[in-house]
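Take a look at the structure set out below.
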Amino acid sequence: MRMCKITAALRCAVVLAVALPMLGGVATARSPRTYTIVMDTMAFGAVPAELHRGDTIRWVNRDLFRHSASAKDRSFDIDLMPGHSAIMALKRPGTIAFSCKYHPGMKGTLKVAP
């Protein structure tokens with residue numbers, strides 16, 4: 001009889017170990033996403049709020065002028081002629097201020113979660 005109690009307790013532990021992740025008890029990995037930031041009318045478009053390390057940003061210059069997205073910490077420097085685009089992967093978490101090196105009034109901030 002004692003053997004049955006131990007076996008039942010062990011079975012219960014195994015069931016819980018399998019069921020908890022399915023119930024949301026353990027976070028699951030998020031798939032990387034691609035976002036677009038448009039440069040137009042001498043301004044950066046909306047910066048996505050839910051950025052994570054591993055996501056990709058597609059920078060698009062729809063303006064008549066050459067623009068850049070240059071990180072203040074020098075972690076990236078995207079330089080785009082009118083009508084061009086570039087893709088950049090977010091490699092590290094943190095807050096990264098950026099601006100256009102040709103038009104200093106154009107500014108933004110990326111907030112990248114782990």
Side-chain angles (χ1 to χ4, degrees):
M1 184 88 165
R2 184 175 181 171
M3 185 70 148
C4 290
K5 287 183 183 178
I6 293 172
T7 304
L10 183 59
R11 272 191 238 143
C12 184
V14 169
V15 168
L16 283 174
V18 171
L20 278 177
M22 290 182 213
L23 297 173
V26 176
T28 58
R30 177 184 169 279
S31 296
R33 298 180 183 157
T34 299
Y35 298 93
T36 300
I37 299 177
V38 176
M39 304 165 186
D40 197 7
T41 61
M42 300 294 287
F44 289 106
V47 175
E50 297 291 323
L51 295 172
H52 288 81
R53 183 173 47 106
D55 287 345
T56 301
I57 295 178
R58 182 174 175 253
W59 300 90
V60 179
N61 184 354
R62 291 191 185 147
D63 212 339
L64 299 173
F65 307 100
R66 181 179 186 176
H67 291 300
S68 77
S70 304
K72 186 173 184 178
D73 68 2
R74 298 183 183 177
S75 59
F76 62 87
D77 186 20
I78 307 295
D79 197 326
L80 296 173
M81 297 300 286
H84 287 82
S85 64
I87 295 174
M88 174 190 90
L90 298 170
K91 297 179 182 177
R92 63 181 177 81
T95 301
I96 307 165
F98 64 91
S99 63
C100 175
K101 60 187 169 190
Y102 306 109
H103 309 98
M106 293 175 61
K107 297 179 182 182
T109 303
L110 301 176
K111 293 181 182 177
V112 183

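Sequence positions, counted from 1, serve as the residue numbers for this chain.
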Just checking Trp59 against Tyr35, ring centres under 6.0 Å apart? no

Pair Met88, Ile78 - check side chain to side chain contact (heavy atoms under 4.5 Å, CB included), show working. CA-CA 8 Å; Met88 174 190 90; Ile78 307 295; 4.2 Å; yes

Can you check side chain to side chain contact (heavy atoms under 4.5 Å, CB included) on Arg66 and Leu80, steps first, answer last? CA-CA 6 Å; Arg66 181 179 186 176; Leu80 296 173; over 6 Å; no

Treating Ile, Leu, Val, Met, Phe, Trp and Tyr as nodes and any side-chain heavy-atom pair under 4.5 angstrom as an edge, say whether Val38 and Phe76 lie in one connected cluster. no

Measure from the side-chain N and O atoms of Asn61 to the backbone N and O of Gly83, and report whether any donor-acceptor pair falls under 3.5 Å. no

Mind running side-chain hydrogen bond (donor to acceptor under 3.5 Å, both in side chains) on Asp77 and Ser70 for me, showing each step along the way? CA-CA 4 Å; Asp77 186 20; Ser70 304; 2.5 Å; yes

Counting only heavy atoms not in Lys111, do more than 12 fall under 6.0 Å of its NZ? no

Sequence neighbours left out, what passes side chain to side chain contact (heavy atoms under 4.5 Å, CB included) with Pro93? Give chain and number order. Arg53, Pro114

Just so I know, are the side chains of Ile57 and Leu110 near enough to count as touching, which here means a heavy-atom distance under 4.5 Å? yes

Less than 4.5 Å apart, any side-chain heavy atom of Ile37 and any of Pro48? yes

Pairs satisfying side chain to side chain donor-acceptor pair (under 3.5 Å), at least one member in residues 42-52, at least two apart: Arg30-His52

Set of side chain to side chain contact (heavy atoms under 4.5 Å, CB included) partners for Ser99, sequence neighbours left out: Lys107

What distance separates Ile87 CD1 from Arg58 CZ, expressed to the nearest 0.5 Å? 6.5 Å

Sequence neighbours excluded, which residues qualify as side chain to side chain contact (heavy atoms under 4.5 Å, CB included) partners of Pro32? Asp55

Is any side-chain heavy atom of Ser68 less than 4.5 Å from a side-chain heavy atom of Phe98? no

Test side chain to side chain contact (heavy atoms under 4.5 Å, CB included) on Met39 and Arg62; report intermediate values, then the result. CA-CA 6 Å; Met39 304 165 186; Arg62 291 191 185 147; over 6 Å; no

Between the side chain of Thr56 and the main-chain N/O of Ala89, is any donor-acceptor distance below 3.5 Å? no

So which residues get pulled into Phe65's cluster when ILVMFWY side chains under 4.5 Å apart are joined, directly or through others? Met42, Leu64

Return each pair, listed once, that meets side chain to side chain donor-acceptor pair (under 3.5 Å) where at least one residue sits in residues 84-96; pairs must be two or more places apart or across chains. Asp73-Arg92

State, yes or no, whether a side-chain contact exists between Thr109 and Ile96 at a heavy-atom distance under 4.5 Å. no

